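Quick notes on the structure that follows.
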Amino acid sequence: MNKKVTMRELVGARIVLAVCIAVYYWCWARNDWHSYYTAITNAVAVFVICFFVFLSVRERKYKKEVADELAVTNLRRCDSICLKIALTAIVCIGFLCAILRFTVTTEVIGYMLIGLLVCISVIRTILFSIMDTKGI
């Protein structure tokens with residue numbers, strides 16, 4: 001593992017964490033409980049711990065390297081765009097829940113928020129990749 005750590009790798013790793021959170025939420029928010037859900041949550045928890053260790057090693061190595069100023073600027077732009085998208089989506093989810101308060105359950109609201117988390121992490125990675133390859 002002597003290759004150089006890229007900002008794209010670190011940004012893309014956030015998708016894996018968002019998907020793990022979504023799977024964990026899916027197991028906990030189910031109305032029916034099966035015995036294999038415990039195995040899934042334990043496997044996801046072990047994977048996330050191992051992934052955090054791997055990611056922290058890669059981030060520590062990245063901080064020792066020369067910082068790419070353009071990549072940092074692009075990441076800040078992507079974060080700004082994703083913040084605006086997330087705020088708009090949360091407001092829409094909030095108003096949708098207020099309008100449909102008797103038909104939308106808290107489980108569905110949770111799924112919408114977790115789905116938003118996964119979508120924002122994917123959008124952030126795609127935006128950053130496009131900006132980084134084009135050198136915007």
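When a residue number appears, it is its place in the shown sequence, counting from 1. All figures in this text were calculated on a predicted structure; none of them were measured in a lab.
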ILVMFWY cluster, [X] and [Y] together (side-chain gap under 4.5 Å):
| X | Y | result |
| --- | --- | --- |
| Leu17 | Val46 | no |
| Leu70 | Ile130 | no |
| Val44 | Val16 | yes |

What are the two closest heavy atoms between [X] and [Y], and how far apart are they?
| X | Y | answer |
| --- | --- | --- |
| Cys27 | Ile40 | SG-CG2, 3.4 Å |
| Val48 | Cys20 | CG2-CB, 3.5 Å |
| Ala22 | Val118 | CB-CG2, 3.9 Å |
| Ile15 | Ser121 | CG1-O, 3.7 Å |

Review point. When clusters are formed from ILVMFWY side-chain contacts under 4.5 Å, directly or step by step, what else is grouped with Leu87?
Key: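 Besides Leu87, the cluster holds Leu83.
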Distance (rounded to the nearest 0.5 Å) between [X] [atom1] and [Y] [atom2]:
| X | Y | atom1 | atom2 | answer |
| --- | --- | --- | --- | --- |
| Cys119 | Ile126 | SG | CD1 | 10.0 Å |
| Ile85 | Ile120 | CD1 | CD1 | 5.0 Å |
| Asn74 | Leu127 | CG | CG | 10.0 Å |
| Glu9 | Leu55 | CD | CG | 8.0 Å |
| Phe128 | Leu10 | CZ | CG | 9.0 Å |
| Tyr25 | Tyr111 | OH | OH | 6.0 Å |

Check your understanding: salt bridge (charged side-chain N to carboxylate O under 4.0 Å, His left out) with Glu59: which residues, sequence neighbours excluded?
Key ->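 Scan of Glu59 (salt bridge (charged side-chain N to carboxylate O under 4.0 Å, His left out), adjacent residues dropped) gives Arg14.
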Review point. So Phe54 and Phe51, would you call those rings parallel, tilted or perpendicular, with 30° and 60° as cut-offs?
Key: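 Ring orientation of Phe54 relative to Phe51: tilted.
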Exercise for review: Report yes or no: does Asn42 contribute a side-chain atom to a donor-acceptor pair with the main-chain N or O of Thr38 at less than 3.5 Å?
Suggested key: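 Present.
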Point to revise | Main-chain N/O of Glu69 paired with Thr73 side-chain donor or acceptor, under 3.5 Å | key: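 At least one qualifying donor-acceptor pair exists.
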Practice item. Quickly, which of Leu75, Thr125, Thr133 forms a side chain to side chain contact (heavy atoms under 4.5 Å, CB included) with Arg8? Name it, please. Key: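 Testing each of Leu75, Thr125, Thr133 against Arg8, the sole residue satisfying side chain to side chain contact (heavy atoms under 4.5 Å, CB included) is Thr133.
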Check your understanding: Is there side-chain contact between Ile114 and Trp26, with heavy atoms separated by less than 4.5 Å?
Key ->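 Ile114 does not reach Trp26 side chain to side chain.
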Listing, residues 88-102 side-chain donor-acceptor contacts under 3.5 Å, not counting sequence neighbours, or none:
from: Thr88; atom 1: OG1; to: Lys84; atom 2: O; distance (Å): 2.8
from: Arg101; atom 1: NH1; to: Ala98; atom 2: O; distance (Å): 3.4

